[in-house]
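Atoms considered below: every heavy atom in the structure, side chains included; atoms not considered: hydrogens, waters and symmetry mates. Throughout, a chain's letter reflects where its sequence line sits, starting with A, and its residues are numbered from 1.
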Amino acid sequence: MAQKPSIPKGTRDFGPEVMVKRNYIFDTIKSVFKLYGYQPIETPTMENLSTLLGKYGDEGDKLLFRVLNSGNFLAGIDQPEALDAVRLSPMISEKGLRYDLTVPFARYVVQYRNEIVFPFKRYQIQPVWRADRPQKGRYREFYQCDADVIGSESLLNEAELVQLVDDVFKRLNISTIVKINNRKILAGIAEYIGHPDSLIPITIAIDKLDKTSIEAVNAELLGQGISQQAVDLLQPVLFMKGTADEKFNLLAGLLQNSETGLKGISEMRLLFDYLKAMDIELTYELDLTLARGLNYYTGAIFEVKARDAQMGSICGGGRYDDLTGIFGMPDVSGVGISFGADRIYDVMTELSLFPETSSESTAVLFTNFGDREAKYCLPMLKSLRESGINAEIFPEAAKMKKQMKYADQKHIPVVIIVGEEEIANNQLTIKWMQKSEQETIPKQELIQHLSLSLEN
RNA sequence: GUGGUUGUAGCUCAGUUGGUUAGAGCACUAGUUUGUGGCACUAGGGGUCGCGGGUUCAAAUCCCGUCUUCCACCCCA
């Protein structure tokens, strides 16, 4: 064979069986989004780099896929070989693949601000790209399923998103835990320990607490220039025990001099009150070690993990107060959640949670013994399809064995066999593949015969 | 970006201290069976051993580079 074709690192092809399962996830999420009043939008695969750069932190900028300019992209550049990659890149590339769906959404909102009715609830299900090294649960191309409310500061939105998460994972039958925290509380803690400017390094360090030891986290903090005294102050906060209310009370005492921190506490108290009233079924908890990497979050932050599978977060989100401000539209607050469809797929595969039956496969196959027989079948094929039964006819007058094998491998449960004899008697033979039984019936009885049996 | 790991038929993998013509199972095609799938038997097709270079009389096997796979770190869905 010649050179084997291949696909880029970290990307995947999806065959029919996988797509049926993936669609089950997408359809479930989409139906819940609609149920909560979110409306669909799509944005382009490519954005201008000016839209994307600087929104995800330094690390995020490194992970952006950049698109080379079209045409002679070196035109007008003197001695390009003398420039390093950092200098050259902006000269030859002005577009990039989208890194998430939130930033393009913020851009969209600013651009169409006069046409949008606020608060705007939108959902968006599209692939995103990150030039990461692939590993377990990590791909370079993956789908995010986002729901965001923009133009409303109410904590009711946060509460509703948690309820939505509850709804989605209940339908997918995944047992999850939702961790909730608030960037304002984290900011308050940073103030409390005397390092208000080190919020990001502090949160990144303590976010690792569930993966590594407290010693390692403390070592990282000291390495980031946090004083020993501050690290000592941080310890009781990290290991705060009790119910959410008890934690809030303790925090309120510690953060009494931080206006931001107190604001965060009161936000969280209200959110937890709402959640109580909503009768959420899944487990949710205040987790002060939850940080989340994206820099644009300013209030509540969420992360969802599957309880029975070893996998990073399968869903995450939070509130961002000024994402549109970067694009020239200040003071518009939004909050959103993003489901990682590919990780959800991996979790469901690991736990065997996919339902066995699917509405996306063929239920009935007509065999084909020649033109005359095929023409006899075509009206029946049409009426089956009109009744909503997935049906197909084998397109060639191939050997019986081949057609049966086709049905077998496609897991088609019913095969209709029509030959000279059936045509002469205005009949058809219906074969049930699983039971390996067959019967010959008048052809006009096909549909009722099928619907009776398919129900059982 | 750092460290490790993997690559042989469509798929899963054997292949000895370098040594004839690189194998197996599954899958595929045809037949045993001209109107019956799964099971069995028979026969057949299919490989520049990831790619490039080096060592050697001789390389799937040893060395270097590169791409890819998977895993960990960084970071994240």
Side-chain angles (χ1 to χ4, degrees), chain A residues 1-12 15 25 29 56-64 85 98-102 125-146 200-201 203-205 207-208 211-212 216 220 291-295 302-306 310-318 336-347 365 367-370 373 394 397-423 428-438 440:
Chain A
M1 195 169 70
Q3 284 278 352
K4 259 190 231 172
S6 63
I7 55 175
K9 183 199 280 216
T11 65
R12 297 156 300 155
I25 294 173
I29 292 173
Y56 309 108
D58 291 343
E59 203 64 35
D61 286 354
K62 280 187 211 154
L63 299 180
L64 282 172
R98 78 168 98 73
Y99 180 90
D100 74 354
L101 300 177
T102 307
I125 299 177
Q126 290 189 273
V128 302
W129 292 267
R130 296 182 189 178
D132 225 344
R133 279 234 186 141
Q135 56 176 285
K136 184 178 166 74
R138 176 171 303 190
Y139 308 101
R140 291 185 137 186
E141 177 184 59
F142 60 97
Y143 271 76
Q144 290 193 331
C145 311
D146 275 36
I200 302 282
T203 54
I204 287 175
D207 196 37
K208 290 171 190 159
K211 264 179 131 178
T212 174
E220 177 168 341
R292 291 194 58 71
L294 293 174
N295 286 343
F302 311 103
E303 192 161 285
V304 183
K305 291 194 139 186
Q310 196 120 40
M311 176 64 71
S313 64
I314 54 177
C315 178
I337 196 91
S338 178
F339 292 84
D342 302 80
R343 285 189 176 177
I344 292 174
Y345 179 94
D346 290 344
V347 167
L365 173 76
T367 55
N368 182 343
F369 294 151
E373 289 87 347
F394 201 85
K399 284 183 180 166
M400 182 72 146
K401 178 169 177 156
K402 181 165 180 163
Q403 303 192 37
M404 295 300 291
K405 199 165 184 180
Y406 176 82
D408 187 40
Q409 293 187 324
K410 259 184 104 170
H411 302 114
I412 300 173
V414 175
V415 174
I416 309 285
I417 301 163
V418 170
E420 274 179 47
E421 224 173 282
E422 282 88 351
I423 296 180
L428 54 83
T429 295
I430 178 166
K431 168 156 179 161
W432 309 93
M433 294 296 279
Q434 273 137 14
K435 283 182 283 184
S436 197
E437 288 168 8
Q438 65 187 57
T440 303

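Residue A:Met404 places its side chain closer to B:rG37 than to any other of B:rA77, B:rG37, B:rC71. With distances taken from any side-chain atom of A:Phe142 to the nucleotides B:rC28, B:rA77, B:rC70, the minimum falls on B:rA77. Among the nucleotides B:rC73, B:rC28, B:rC70, the one closest to any side-chain atom of A:Gln409 is B:rC28.
Straight-line distance from the CD1 atom of A:Ile417 to the C1' atom of B:rG37: 10 Å, rounded to whole Å. Taking atom NZ on A:Lys399 and atom C1' on B:rU32, their separation rounds to 12 Å, with Å as the unit. Rounded to whole angstrom, the span from the NZ atom of A:Lys405 across to the P atom of B:rG38 amounts to 6 Å. Separating the CZ atom of A:Arg140 from the P atom of B:rC67 is a distance of 11 Å, rounded to the nearest angstrom. Residue A:Lys402 contributes atom NZ, which lies 16 Å from atom P of B:rU36 at whole-angstrom precision. In this structure, CD of A:Glu59 is placed 8 Å from C1' of B:rG1, rounded to the nearest angstrom. Nucleotide B:rG37 holds its C1' atom 16 Å from the CD1 atom of A:Ile416, rounded to whole Å. Across the protein-nucleic acid pair, A:Gln135 atom CD and B:rG3 atom C1' stand 12 Å apart, rounded to whole Å.
Contact annotation for A:Tyr139: base contact, defined as any heavy-atom pair under 4.0 Å involving a base atom. Here A:Ser436 lies in heavy-atom contact (under 4.0 Å) with a base. No engagement by A:Gly370 is indicated, since no non-hydrogen atom pair under 4.0 Å with the nucleic acid exists. Heavy atoms of A:Gly312 sit nowhere under 4.0 angstrom from any nucleic acid atom.
Remark: the A:Gln438 side chain and the B:rU36 base include a donor-acceptor N/O pair separated by less than 3.5 Å. Judged by distance alone, with hydrogens and angles left aside, A:Arg138 brings a side-chain donor or acceptor within reach of the base of B:rC75, the pair sitting under 3.5 Å. If you check distances only, the side chain of A:Arg343 does reach the base of B:rC76 with a donor-acceptor pair under 3.5 Å.
Look at A:Lys305 and you won't find any side-chain N or O under 4.0 angstrom from OP1 or OP2 of B:rA77. The phosphate of B:rU34 (OP1 or OP2) has no side-chain N or O of A:Lys401 nearer than 4.0 angstrom.
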